[in-house]
Q: 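The structure under discussion is supplied below as structure tokens; questions concerning it will follow.
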Amino acid sequence: QVQLVESGGDLVQPGGSLRLSCVASEDIFRSNTMGWYRRLPGKERELIARITKGSITYYTNAVKGRFFISRDADKNSVYLQMNSLKTEDTGAYYCNTIPVMIMSSREFWGQGTQVTVSS
């Protein structure tokens, strides 16, 4: 069964931290580069961080130096440590493969997890 289950989103004050988690199906996790995406209000979903099977990472400029992606092969999980959060980080966060999984000719996404940064 294909699954992507994100968790860890919350309401946090500016400057705070959160750790997002994503559990993926084993077959998905083990054979793919994994990424964290986010959809900010009024904007398209975008890739913000990725990690290869060999744990090579990449970050978009908006999060570089503040967010850190990691993966745990034993748990089929990928994480996003988010530090120094800003109000502009508020949005829905998703994990997925890179490129995004396609099932029945459509992109497959989990339910995502909501991050709200507000004082």
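This is a predicted model, so every value here is computed, not measured. These values consider heavy atoms only, across backbone and side chains, with no hydrogens, waters or symmetry-generated copies.
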Q: Side chains of M34 and T97: closer than 4.5 Å at any heavy-atom pair?
A: yes
Q: Show me the donor-acceptor pairs within less than 3.5 Å that the side chains of residues 10-24 make with the rest of the protein, sequence neighbours left out.
A:
from, atom 1, to, atom 2, distance (Å)
S17, OG, N83, OD1, 3.1

Q: Are F108 and Y93 linked, directly or through intermediate hydrophobic residues, by side-chain heavy-atom contacts shorter than 4.5 Å (ILVMFWY only)?
A: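 Both belong to a single hydrophobic cluster.
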Q: Among the clusters formed by ILVMFWY side chains lying less than 4.5 Å apart, do I48 and Y37 turn up in the same one?
A: no
Q: Could you tell me the separation between the CD1 atom of I102 and the CZ atom of R106, rounded to the nearest 0.5 Å?
A: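 Between I102 CD1 and R106 CZ, I get 10.5 Å after rounding to 0.5 Å.
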Q: Working to the nearest 0.5 Å, report the span between CD1 of I51 and SG of C95.
A: 12.5 Å
Q: Restricting to non-hydrogen atoms, name the atom on M101 and the atom on I28 that form the minimum distance, rounded to 0.1 Å.
A: SD-CD1, 3.4 Å
Q: Are Y94 and V100 joined in one hydrophobic group, where the rule is that I, L, V, M, F, W and Y side chains link up if heavy atoms are under 4.5 Å apart?
A: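 Yes: a chain of side-chain contacts under 4.5 Å links Y94 to V100.
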Q: Applying a strict under-4.5 Å side-chain criterion to I, L, V, M, F, W and Y, I'd like to know whether F29 and V2 cluster together.
A: yes
Q: Is the side chain of T90 donor-acceptor paired with the backbone N or O of V117 at a distance under 3.5 Å, no angle test?
A: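 Judged by distance alone, yes, a pair lies under 3.5 Å.
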Q: What distance do F67 atom CZ and Q81 atom CD have between them, rounded to the nearest 0.5 Å?
A: 9.5 Å
Q: Can a donor-acceptor pair be found, under 3.5 Å and without considering hydrogens, that links the side chain of S25 to the backbone of Q3?
A: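 Checking the backbone N and O of Q3 against the side chain of S25, a donor-acceptor pair under 3.5 Å is found.
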Q: Would you compute the distance between atom CG of N32 and atom CZ of R50 and round it to the nearest 0.5 angstrom?
A: 13.0 Å
Q: If only atom types and distance count, is the side chain of Q111 paired as donor or acceptor with the main-chain N or O of E6 below 3.5 Å?
A: yes
Q: Compile the donor-acceptor pairs under 3.5 Å between side chains in residues 73-80 and protein atoms, sequence neighbours left out, one pair per line.
A:
from, atom 1, to, atom 2, distance (Å)
S77, OG, K75, O, 2.8

Q: Does R71 reach the main-chain N or O of T52 with its side chain, forming a donor-acceptor pair under 3.5 Å?
A: yes
Q: Answer yes or no: is there a side-chain heavy-atom contact under 4.5 Å between E46 and L40?
A: yes
Q: Answer yes if Y58 and W36 sit in the same cluster of Ile, Leu, Val, Met, Phe, Trp and Tyr residues linked by side chain heavy atoms under 4.5 Å apart, and no otherwise.
A: no
Q: Please examine the side chains of V63 and R38, heavy atoms only from C-beta on, and report whether any two atoms are closer than 4.5 Å.
A: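 R38 reaches V63 side chain to side chain.
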Q: Please determine if R39 forms a cation-pi arrangement with W109, meaning its NZ or CZ atom is less than 6.0 Å from the six-membered ring centre and no more than 45° off the ring axis.
A: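 Relative to the ring axis of W109, which defines the angle, R39 lies outside at least one limit.
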